[in-house]
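This report concerns only the one structure given below.
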Amino acid sequence: MGSFAVIIKGMFQQEQRSGRVFMGYLLGFAIMGYWMAGFLRYAADTGEPVNILETFCVVEQHYVNMLFLVPGWLLVVADAPFIKGNLYLLLYRCGRKRWNMGMLFYIFMQAFLYAGAMAAFSIIVSSFSGFAGDMWSSPVYALALDTGNNIGIEYNITFPYLAMMKAMSVTQAFAVTFLCFYLYLAFLGVLLYVFALLFSGNAGMVAVMGVHLAGYLRMMDGHMETSLFARAIPGNFIDGTLSYLQSVALFLSVILIFTVLSSFCVNSIAFDSGTEVEG
């Protein structure tokens with residue numbers, strides 16, 4: 001475990017100083033802020049406060065917001081598989097497999113930080129005109145009943161997930177929304193990493209954007225079950241049962257498959273810095 005800690009600590013020290021990572025987070029905040037502005041303006045016009053957890057539930061599950069949040073995340077992990085600098089020394093000291101697992105754990109932790117930063121941003125901004133608790137607000141309830149999309153057209157925000165409001169408390173909805181968002185980011189990060197290992201960083205970017213956009217288009221065509229993009233929005237699968245857990249299981253399974261694949265393919269990667277020990 002000590003070697004994992006050294007690798008992950010080194011990765012954070014190296015990557016968090018990168019302007020690219022900084023720009024990725026800024027892009028995420030800008031995208032979130034754009035859609036939050038419409039939602040909070042709508043809430044302000046109703047004259048009623050919203051729950052500070054609702055903002056993340058509404059904004060993160062807006063499909064256009066989700067479409068553009070991912071490029072910010074890809075900026076954060078664009079250097080996958082992170083082969084540079086003192087990482088060659090870590091490779092020599094720890095071996096390929098431990099180095100590989102360190103890279104994957106870094107991606108998982110960075111995905112959690114990115115998702116957490118977006119959630120914290122929404123909570124902080126909402127706290128100036130919202131309330132804490134476990135009760136859905138009237139503005140969000142009215143938004144969920146807006147079947148004619150009149151509110152959506154005026155304020156550029158939608159939340160057609162009345163079933164989520166009936167089946168879950170605000171806290172539960174927030175937790176599920178965060179979990180699916182995090183798992184989707186982790187999946188895309190691991191996909192990028194594995195393709196970058198096998199082929200190149202450009203191939204990884206093409207693969208990730210292809211999967212992301214294909215999922216978006218399939219969701220727009222109504223093929224929810226086969227769209228990973230749609231499964232990152234849990235409101236699509238909440239119908240009074242626990243069907244949204246299938247999405248969680250699917251993301252975990254795919255992440256596990258790519259993790260195992262990386263442990264095999266890392267042995268065939270030609271590093272051009274010294275000789276590493278096996279382990």
Side-chain angles (χ1 to χ4, degrees), residues 4-5 7-18 20-32 56-57 59-61 65-83 87 99-123 174-197 201 204-205 207-213 215-216 227-234 244-245 247-263:
F4 287 136
I7 293 171
I8 295 170
K9 179 181 178 182
M11 282 301 306
F12 274 106
Q13 290 176 342
Q14 172 181 286
E15 292 294 299
Q16 292 303 113
R17 292 194 298 265
S18 169
R20 170 187 46 77
V21 174
F22 183 70
M23 290 300 297
Y25 274 86
L26 281 183
L27 178 59
F29 290 140
I31 297 299
M32 285 287 292
F56 182 72
C57 296
V59 174
E60 191 280 332
Q61 294 189 89
N65 178 62
M66 268 293 294
L67 179 65
F68 289 104
L69 272 179
V70 166
W73 165 238
L74 293 182
L75 273 177
V76 174
V77 291
D79 272 355
F82 316 109
I83 304 173
L87 293 181
W99 173 84
N100 177 62
M101 291 306 298
M103 297 300 101
L104 291 171
F105 271 94
Y106 166 73
I107 291 173
F108 297 151
M109 292 177 66
Q110 189 66 269
F112 186 85
L113 289 177
Y114 186 83
M118 299 304 116
F121 178 54
S122 70
I123 292 173
F174 176 86
V176 170
T177 302
F178 181 89
L179 177 62
C180 289
F181 181 46
Y182 164 68
L183 290 176
Y184 186 61
L185 295 180
F187 155 67
L188 292 179
V190 172
L191 177 65
L192 171 63
Y193 172 76
V194 171
F195 268 76
L197 273 181
M205 282 293 181
V208 169
M209 289 306 300
V211 169
H212 183 55
L213 293 175
Y216 170 76
S227 169
L228 290 173
F229 182 99
R231 290 187 174 277
I233 303 174
Y244 67 92
L245 291 179
S247 300
V248 174
L250 176 61
F251 281 127
L252 289 174
S253 299
V254 175
I255 289 171
L256 179 60
I257 290 170
F258 277 106
T259 298
V260 173
L261 177 61
S262 72
S263 69

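Both backbone and side-chain heavy atoms feed into the values below; hydrogens, waters and symmetry mates do not. This is a predicted model, so every value here is computed, not measured.
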Work out which heavy atom in Ala186 is nearest to a heavy atom in Ile107; give both atom names and the distance.
O-CG2, 4.5 Å
Who passes side-chain contact (heavy atoms from CB on, under 4.5 Å) against Ser247, sequence neighbours left out?
Arg231, Phe237
Could you tell me which residues satisfy side chain to side chain donor-acceptor pair (under 3.5 Å) with Tyr114, sequence neighbours excluded, listed by chain and number?
none
Provide the closest heavy-atom pair for Ala80 versus Ala196 in the form atom of the first, atom of the second, distance.
O-CB, 3.4 Å
Ring pair (Phe, Tyr, Trp, His ring centres under 6.0 Å) partners for Tyr193, two or more places apart
none
Among all residues two or more places apart in sequence or in another chain, which pass the side-chain contact (heavy atoms from CB on, under 4.5 Å) test with Ala119?
Phe56, Phe174, Phe178
Among all residues two or more places apart in sequence or in another chain, which pass the side-chain contact (heavy atoms from CB on, under 4.5 Å) test with Ala232?
Met66, Tyr184, Phe251
Residues Met32 and Asn65: closest non-hydrogen pair is SD-ND2, 3.7 Å
Sequence-distant partners of Thr259, side chain to side chain donor-acceptor pair (under 3.5 Å), two or more places apart
none
Roughly how far, to the nearest 0.5 Å, is CZ of Phe187 from CG of Leu256?
13.5 Å
Would you say the side chain of Val59 lies within less than 4.5 Å of the side chain of Ser122, judging by non-hydrogen atoms?
no
In Å and rounded to the nearest 0.5 Å, what is the CE to CG distance from Met209 to Leu188?
9.5 Å
Over all heavy atoms of both residues, which pair between Leu192 and Val77 is shortest? Give the atoms and the distance, please.
CD2-O, 3.3 Å
Test of understanding: with side chain to side chain donor-acceptor pair (under 3.5 Å), list the residues that count as partners of Gln61, not counting sequence neighbours.
Thr177
Is it the case that Ser263 and Asn100 place a side-chain donor and acceptor less than 3.5 Å from each other?
no
Determine whether Cys180 and Val248 satisfy the following criterion, side chain to side chain contact (heavy atoms under 4.5 Å, CB included), listing intermediate values before the conclusion.
CA-CA 7 Å; Cys180 289; Val248 174; 4.3 Å; yes
Could you tell me which non-hydrogen atom of Val176 sits nearest to which non-hydrogen atom of Pro234, and how far apart they are?
CG1-CB, 3.6 Å
Between Val70 and Phe229, does the side chain to side chain contact (heavy atoms under 4.5 Å, CB included) criterion hold? Intermediate values first, please.
CA-CA 10 Å; Val70 166; Phe229 182 99; 5.9 Å; no
Got a second to check how far Leu245's CG is from Leu250's CG, nearest 0.5 Å?
12.5 Å
State the CG-OG distance between Leu75 and Ser18, to the nearest 0.5 angstrom.
9.0 Å
To check you understand the geometry: which heavy-atom pair defines the closest contact between Leu185 and Trp73, and what is its length?
O-NE1, 2.9 Å
Value rounded to 0.5 Å, distance of OH in Tyr182 from CG in Leu113:
9.5 Å
Here the gap from Met109 atom CE to Leu104 atom CG, rounded to the nearest 0.5 Å, amounts to 13.0 Å
His212 vs Leu67 side-chain heavy atoms within contact, under 4.5 Å:
yes
Could you go through the side chain to side chain contact (heavy atoms under 4.5 Å, CB included) check for Phe181 and Ile233 one step at a time?
CA-CA 7 Å; Phe181 181 46; Ile233 303 174; over 6 Å; no
For Ala117, side-chain contact (heavy atoms from CB on, under 4.5 Å) partners two or more places apart:
Tyr25, Phe29
